[in-house]
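Working notes, structure below.
In this text, all values refer to a predicted model and were calculated from it rather than measured experimentally.
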Amino acid sequence: MYVIFAICILIILIVLLLSVLTTSKAYKYEHTIDPLQKEEKPPEKKHITDGKDA
């Protein structure tokens, strides 16, 4: 019975250690945002009219 109890405690400690390490690593991660790119607009086409309204 003590063997099973020791294995359970060992598993709990391993899971706790992994959780702490993962959380610590997540807090150290530096988030960055990509800069916005300037939107290149195509040149506007001007319609040539002969003075008549459509």
Drop me the distance from Thr23's OG1 to Leu21's CG, to the nearest 0.5 angstrom.
9.0 Å

Same hydrophobic cluster for Val20 and Ile12, using side-chain heavy-atom links shorter than 4.5 Å among ILVMFWY?
no

Hey, quick one: are Leu16 and Ile7 part of the same hydrophobic cluster, counting side-chain heavy atoms closer than 4.5 Å, chains of contacts allowed?
no

One should read off an interatomic distance between Ile14 CD1 and Ile9 CD1, to the nearest 0.5 angstrom, of 11.5 Å

Could you check whether atom CD1 of Ile4 has more than 12 heavy atoms from other residues, nucleotides or ligands sitting under 6.0 Å from it?
no

